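See below for the structure under consideration.
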Number of protein chains: 2
Amino acid sequence: MLPFPLKLQPGDPIYLQIVQAVKSAVATGLMGPGDRFPAVRTIAQELGVNPNTVQKAVTELTALGLIEVHPGQGCYVAVRVPVRREAKAAAVRPLVRRLLIESRNQGMAHEDLLDLLQREHTKLDEPRH
Amino acid sequence: MLPFPLKLQPGDPIYLQIVQAVKSAVATGLMGPGDRFPAVRTIAQELGVNPNTVQKAVTELTALGLIEVHPGQGCYVAVRVPVRREAKAAAVRPLVRRLLIESRNQGMAHEDLLDLLQREHTKLDEPRH
DNA sequence: TCTCGTGTATTAGCACACATAAGACACGCA
DNA sequence: TGCGTGTCTTATGTGTGCTAATACACGAGA
């Protein structure tokens with residue numbers, strides 16, 4: 001069984017769906033630093049997908065610093081190194097802007113957006129339904 | 001001159017960049033309901049792009065309800081009809097989730113995220129640099 | 001009515017991304 | 001040595017994005 005939940009859906013590229021699933025699993029604490037990351041061929045078989053497609057996701061995740069490769073051994077969830085406050089903001093800012101534009105175009109009040117953000121934030125910590 | 005600022009960049013599809021630019025312009029009040037929307041061929045020439053590509057953006061924007069087509073006459077920025085509170089939330093929720101996951105993976109404190117959101121929110125109303 | 005400027009649809013061709021397939025290599029470990 | 005890793009290579013098929021060149025239907029105005 002894969003340590004990150006993922007139901008493949010048409011529309012988005014498969015390798016990006018894998019990346020997003022891992023991101024989500026790490027963010028929710030479902031996977032922690034040092035955890036073993038499944039083998040490329042294992043994930044491929046589990047998802048019924050070509051190993052090359054999974055490999056692309058692994059390359060992406062490595063570039064993002066989310067997982068580390070131990071040559072000849074395997075992959076592990078990376079230990080996050082602390083970065084400058086400004087660097088974090090720069091990475092997140094585009095998403096913030098898109099969110100604000102979208103919510104405003106939906107005619108959503110700013111307070112309602114803050115409420116929604118708060119609800120989803122708490123929901124992220126206890127998704128054990 | 002186009003009523004929405006846009007510098008084409010490689011990476012994202014052109015037609016999506018147009019859609020995003022219009023979304024942004026509407027959200028910031030740069031374009032308002034009832035405003036004339038430039039002709040397909042005009043935008044195409046202004047951006048140095050094929051009319052068919054712009055047409056694709058127009059189709060998208062029409063489907064999103066952001067602009068209205070008056071046959072044989074032209075396009076206009078649509079008047080937003082009020083929708084249910086829950087519908088708005090449903091439209092924005094995926095973006096909220098992605099933002100939360102991303103900020104957490106960046107090791108960003110929740111308070112810092114709220115601060116960033118607030119800053120970008122006010123900045124959205126006075127972008128007249 | 002005729003002309004012009006709209007949006008829209010069609011067909012074709014090219015480039016690129018995505019995904020698959022099958023095979024090969026270098027590495028670390030038992 | 002053998003096995004399980006990640007990684008690279010080549011090839012093929014499919015779909016999307018973009019361009020190109022037309023053509024059509026519609027409404028407004030001369």
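Throughout, a chain's letter reflects where its sequence line sits, starting with A, and its residues are numbered from 1. All of these numbers come straight from a predicted model, not from anything done at the bench.
More than 12 heavy-atom neighbours from other residues, nucleotides or ligands sit within 6.0 angstrom of CD on A:Gln118. For CD of A:Gln73, the number of neighbouring non-hydrogen atoms (other residues, nucleotides, ligands) closer than 6.0 Å is greater than 12.
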- Task: Starting from the C-alpha separation in whole Å, work towards a yes-or-no answer on salt bridge (charged side-chain N to carboxylate O under 4.0 Å, His left out) for B:Glu86 and B:Arg93.
- Result: CA-CA 10 Å; B:Glu86 194 43 48; B:Arg93 185 171 289 115; 3.6 Å; yes
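At the phosphate of C:dT20, OP1 or OP2 sits under 4.0 Å from a side-chain N or O atom of A:Thr53. Phosphate contact (OP1/OP2 of C:dA19, side-chain N/O of A:Lys56, threshold under 4.0 Å): absent. A sub-4.0 Å separation between OP1 or OP2 of C:dA19 and a side-chain N or O of A:Tyr15 is absent.
Counting to the nearest Å, the C1' atom of C:dC18 and the CG atom of A:Leu47 are 16 Å from each other. Whole-Å rounding puts the A:Asn50 CG to C:dA17 P distance at 18 Å. Between the CG atom of B:Leu16 and the P atom of D:dT16 there is a distance of 13 Å, rounded to whole Å. Between the CD atom of B:Glu60 and the C1' atom of C:dG7 there is a distance of 17 Å, rounded to whole Å. Atom P of nucleotide D:dT19 and atom CG of B:Leu8 are separated by 9 Å, given to the nearest angstrom. As a whole-Å value, the separation of B:Glu68 CD from C:dT6 P is 19 Å.
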Any N/O pairs under 3.5 Å between the protein and nucleotides 5-11 of chain D? List them or say none.
unit_1, atom_1, unit_2, atom_2, d
D:dG6, OP2, A:Val40, N, 3.0
D:dG6, N7, A:Arg41, NH1, 3.1
D:dG6, O6, A:Arg41, NH2, 3.2
D:dT7, OP2, A:Gln55, NE2, 3.1
D:dT7, O4, A:Arg41, NH2, 3.3

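In this structure, B:His121 and A:His110 have parallel ring planes: the angle between them is below the 30° cut-off, well short of the 60° mark.
The closest side-chain donor-acceptor pair between A:Gln55 and A:Thr59 falls under 3.5 angstrom.
The pair A:Asp112-B:Arg85 meets the salt-bridge criterion, since a charged nitrogen lies less than 4.0 angstrom from a carboxylate oxygen.
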